[in-house]
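Report on the following structure.
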Amino acid sequence: MSQPVANCPSCGAPVQFRWSSAVQTVCPFCRSILVRDDLDLKNVGKVADLPPDPSPISLLTEGTYRGKSFQVLGRIVYAWEDGGWNEWHIVFSDGSSGWLSDAQLQYAVSFVANPGTALPAAAEVSSGGHFTFNWTGNQTDYEVATITRASYKGVEGELPFPFYGKSNMLFADLKTAGRAFGTLDYSDPAPLLFLGEWVEFEELQLKNLRQFEGWS
Amino acid sequence: MRFPGYLIYSMLLLTGTTWAEFRGWTLDRPNQVNNVPKTVRDNPGAYRAVYGFYPRYVGGK
Amino acid sequence: MTPHVEPPVAKPHALACPNCGGPVERRGFGYSMTVVCPGCLTVLDASTPLLQVLQKIEAEQSRRTPMIPLGSRGNMSGGTWEAIGFQTRAVVEDGETFEWEEYLLFNPYKGFRYLTQYDGHWNFVTPLEAMPQSPNQRGLFPVFYDGLVYKHFSGGQATTTFVLGEFPWRVRVGEQVVAHDYVNPPWVLSSEITKDEIAWSRGEYVPGSAIWKAFQLPGSAPAARGVYLNQPSPMGHKVGGMWANFALMLALLLGLAIAFAIFSRKETVFRSSYAFSSSQQGEPSFVTGDFDLTGRPASLEVAVNTSLDNNWTYFNFALVNEDTGQAYDFGREVSYYHGADSDGSWDEGSRDSSVLIPAVAPGKYYLRVEPEMDSGALTYDLTLRHDVPNYTWFWLAAGLLLIPPVLYTIRARSFETQRWMNSDHPPIRVSSNDGDD
């Protein structure tokens, strides 16, 4: 992975990208959100200090998913009516990227997916609706379980797209009879489908986790 | 074997059955009478059956 | 390499209760939405840094004490868990209230689990994100999950009756959900329906002693009463194995019987025909000619086949060893009656009879025969066969072999009956006073 170095346009500190496809990063010193235009970095605003956060995962945590190792390089923090969750941006050794979500310590890995059919608009999707998508080669039935309105609380690290200042985003959670799950993301004008599966903490073989006082 | 107790029990049963069968045993035994005199052969009417009460022949001659 | 700054962790700390001022400990690292003041039992909103009162609890006598003290840690199911929350919930059925305990377990890496306890029965419960398959999620059909079928056991409205500690969601005393349990011992799949959301979890039955060991609690676990919905049967799936064992043993027994049938000599040592009449003169008893019994001591069959017709005869027998003077003394009644009436023809008894003399030693023998009869006449054959298989032993052994699997099956059935008597689908309906019967 090439690691281009540039300087933060706000405070001048050297900013290094660990992932060649990173579109956005956050300067760790002055917390400016920097969007990348080739090697030009544009300061688009500041992100507030992230709130006290209990996730055991942090940037540079490493893990394994289905035999492929990954590194955590970015994060989006979401908040909704009954709490919040993290979407960690994970990058695999072959440069591909995915998402490791941590919602009250329930972990899931997902990837942006091609739905194969037209997705319903935000106003049309409701609980109980069914979809069939291809997950790891199997045609799987997904049912809309809940519709959630969330807003972002903060970002950190490298992300594959510019993401800041979004609020009141709509998400539809899709559940199956097994480990597979899906999300319909209506934060952009065009709906996005993410497909993935729930994983147990042990399966990820995470290293470089944060330490908690009193816990090993 | 998941039922060692039953195995032992059935082996004992089978062994017992084989032994009983081999020895020619029956569940009920007829009464045994001893000292039946040879004269009964010539005079069968003189024989008196004793139903296990007397272990020896107590009939007439 | 660009460093990154880790956001601070919410460490375990105590705040003051806005209602009574007493200390309220926070152990849930920022996941808790609700926390209960241990002093005054007020339910507080923990989602903001300052605790706010959500619900005041009036009756102090509703206080319950958790068996696992909050803050205790235990090692089980591959992890270390800290009990940080406690609640009791109850259902009302036929006028009776059934209350159970729930403990919220926390591990900052692995997440949340639960321990439920009722009547000394414990379950280790994991929340599921999947939606198990069922034709009707809110109903009584079996549910399929992870390759197993779970049968509906019970469903009803569960009310929260007491809360203590912290929870990662909003709780209130008096809160109600519709809860259903589906079982496949030792597993239970539970669903909880609130508003329009269904939450599933799977529990595994754990004996109380394992809980006490995991959390190193003093004393011993309270004894479990009755059979719990997903309590594994001590006979388990072994009933089939018992019967398989029985089948194997029966096959061996059959083989033995066949072997004896083949290898016994069944040697006819004497056969003759006679006639007798009640009106004949002279001594009715007679002796047969000599015959030799050879080989090892074996059974001797004395068979009499008669021409009896609506009559009876009593035969006195004595098998006498000519050399030793020892004799076997026995008798047999033979009777045979038949006729026809409005129901058809009938018969009673048999024309033939036989007796087995056990373990007759080799030697020279004769048979003394004395027939008795009220009136009538008959002809009969006497056949003596040496070394004859005695099937009685095999029937007896088969019967005795049958007893353990039958008893085992009865016990297993009884356990299952006890289990399902507590369900919404009891195998035996206990009728209450409603109408005639």
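So that the names make sense, note that chain A is the first sequence line, chain B the second, and so on, each numbered from 1.
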Exercise for review: Would you give the length of the straight line joining atom CG of C:D381 to atom OG of C:S273, rounded to the nearest 0.5 angstrom?
Suggested key: 3.5 Å
**Study point:** Minimal non-hydrogen separation, C:R385 against C:K266, with atom names
**Key:** NH1-CB, 4.0 Å
Study note, to complete from the structure: Looking only at C:P358, C:S285, C:A359, the option with the highest number of non-hydrogen pairs under 4.5 Å against chain B is C:P358
Revision key, fill the gap. Whatever's closer than 4.5 Å to a heavy atom in chain B on C:V287 counts as both
Check your understanding: Can you tell me how far CE of C:M249 sits from CG of C:L402, rounded to the nearest 0.5 angstrom?
Key -> 14.0 Å
Check your understanding: Is it the side chain or the backbone of C:P284 that comes within 4.5 Å of chain B heavy atoms, both, or neither?
Key -> neither
Check your understanding: So what's closer than 4.5 Å to chain B heavy atoms on C:F260: side chain, backbone, both or neither?
Key -> side chain
Exercise for review: Select one option (side chain, backbone, both, neither) describing which atoms of B:F22 are under 4.5 Å from chain C's heavy atoms.
Suggested key: both
Practice item. Name the option with the most non-hydrogen atom pairs under 4.5 Å to chain B; the candidates are C:V355, C:L400, C:L356, C:T392. Key: C:L400
**Study point:** Side chain / backbone / both / neither for C:D323 at chain B, heavy atoms under 4.5 Å
**Key:** backbone
**Study point:** C:R413 bridged to C:E416 by N-O distance under 4.0 Å
**Key:** no
**Study point:** Donor on one side chain, acceptor on other, C:D292 and C:T294, under 3.5 Å
**Key:** no
Check your understanding: How far does CG of C:L253 sit from CG of C:L248, to the nearest 0.5 angstrom?
Key -> 11.5 Å
Check your understanding: Is the C:F270 ring parallel, tilted or perpendicular to the C:F291 ring (thresholds 30°, 60°)?
Key -> tilted
Exercise for review: Let me know if C:F246 has heavy atoms under 4.5 Å from chain B in its side chain, its backbone, both or neither.
Suggested key: both
Review point. Which bit of C:E370 comes within less than 4.5 Å of chain B, counting heavy atoms only: side chain, backbone, both or neither?
Key: neither
Review point. Under a 4.5 Å heavy-atom cut-off, does chain B meet the side chain of C:F394, its backbone, both or neither?
Key: both
Practice item. Let me know if B:R23 has heavy atoms under 4.5 Å from chain C in its side chain, its backbone, both or neither. Key: backbone
Revision key, fill the gap. d(C:S299 OG, C:D387 CG) to nearest 0.5 Å is 6.0 Å
Practice item. Please flag which part of C:L256 lies under 4.5 Å from any non-hydrogen atom of chain B: side chain, backbone, both or neither. Key: side chain
